[in-house]
Amino acid sequence: QVQLVESGGGLVQTGGSLRLSCAASGRTFSSYAMGWFRQAPGKEREFVSAITSNGGRTDVANSVKGRFTISRDNAKNTMYLQMNSLKPEDTAVYYCAAASNYYYGTTPALYPYWGQGTQVTVSS
């Protein structure tokens, strides 16, 4: 198993930037595909971005393509989400997730391990 802790959320204005971090426990971090999901009030949890266990391949949702970038540093057991050109529609709780596989999925059910979430609020 792996424990995940997100950080870096906060309140920003439209057009601003934030970098979220997901710190993972253990020395098997490099064996996990990782993903970012978000959930706004009254809405379902949605896929944001994902990365393979070795960082070789990534995917991003169309809604954030060109604005968000996922990365990971396996030596530091940490995954990141760089968010630029933020919009009010990006306001949500952002969750870090892990799956013990090389390749990632885009459905929440495919990820057994989750962090506690971090709030991102983008004001108009």
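Taking the six-membered ring for Trp and thresholds of 30 and 60 degrees, Y113 and Y32 have ring planes more than 60 degrees apart, a perpendicular arrangement.
Heavy-atom contacts from other residues, nucleotides or ligands closer than 6.0 Å to CD of Q3 number 12 or fewer.
We find the NZ-OG1 distance between K87 and T14 to be 10.0 Å, quoted to the nearest 0.5 Å. To the nearest 0.5 Å, atoms CD (E46) and CD (Q39) are separated by 9.5 Å.
Of all heavy-atom pairs between P88 and S124, the closest is CG-OG, 3.7 Å. Contact between N74 and S53 at its shortest, heavy atoms only, is ND2-O, 3.0 Å. Taking all atoms of both residues into account, the shortest heavy-atom contact from E6 to Q116 is OE1-OE1, 2.7 Å. The two residues A98 and V2 make their nearest non-hydrogen contact at CB-CG1, 3.9 Å. Heavy-atom minimum distance, S85 versus S17: N-OG, 4.3 Å. Closest of all the heavy-atom pairs between R72 and T52 is NH1-O, 2.8 Å.
When the side chains of ILVMFWY residues are joined at heavy-atom separations under 4.5 Å, either directly or via intervening members, W114 and V5 end up in two distinct hydrophobic clusters. L110 and V48 fall into different hydrophobic clusters, where Ile, Leu, Val, Met, Phe, Trp and Tyr side chains are chained together by heavy-atom contacts under 4.5 Å. Follow the hydrophobic side-chain contacts under 4.5 Å out from L86 and you never reach V93; the two are in separate clusters.
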Expected list for residues 75-82: side-chain donor-acceptor pairs under 3.5 angstrom, two or more places apart:
from, atom 1, to, atom 2, distance (Å)
N77, ND2, G26, O, 2.2
T78, OG1, K76, O, 2.8
Q82, NE2, N84, OD1, 3.0

Pair L20-V120, side chain to side chain contact (heavy atoms under 4.5 Å, CB included): steps then yes or no = CA-CA 9 Å; L20 305 184; V120 172; 4.1 Å; yes
message = What verdict does the side chain to side chain contact (heavy atoms under 4.5 Å, CB included) test give for R38 and D90, after you've listed the backbone C-alpha separation in whole Å, the side-chain angles of each residue and the deciding distance to 0.1 Å?
response = CA-CA 9 Å; R38 66 187 183 186; D90 296 319; 2.9 Å; yes
query = So M34 and L4, side chain to side chain contact (heavy atoms under 4.5 Å, CB included) or not? Walk me through it.
reply = CA-CA 10 Å; M34 303 291 294; L4 309 172; 4.0 Å; yes
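A donor-acceptor contact shorter than 3.5 Å is absent between the side chain of T121 and the backbone of T91.
When each of F47, F37, Y95, Y104 is checked for a ring-ring contact (aromatic ring centres under 6.0 Å, His included) with Y111, only F37 meets the rule.
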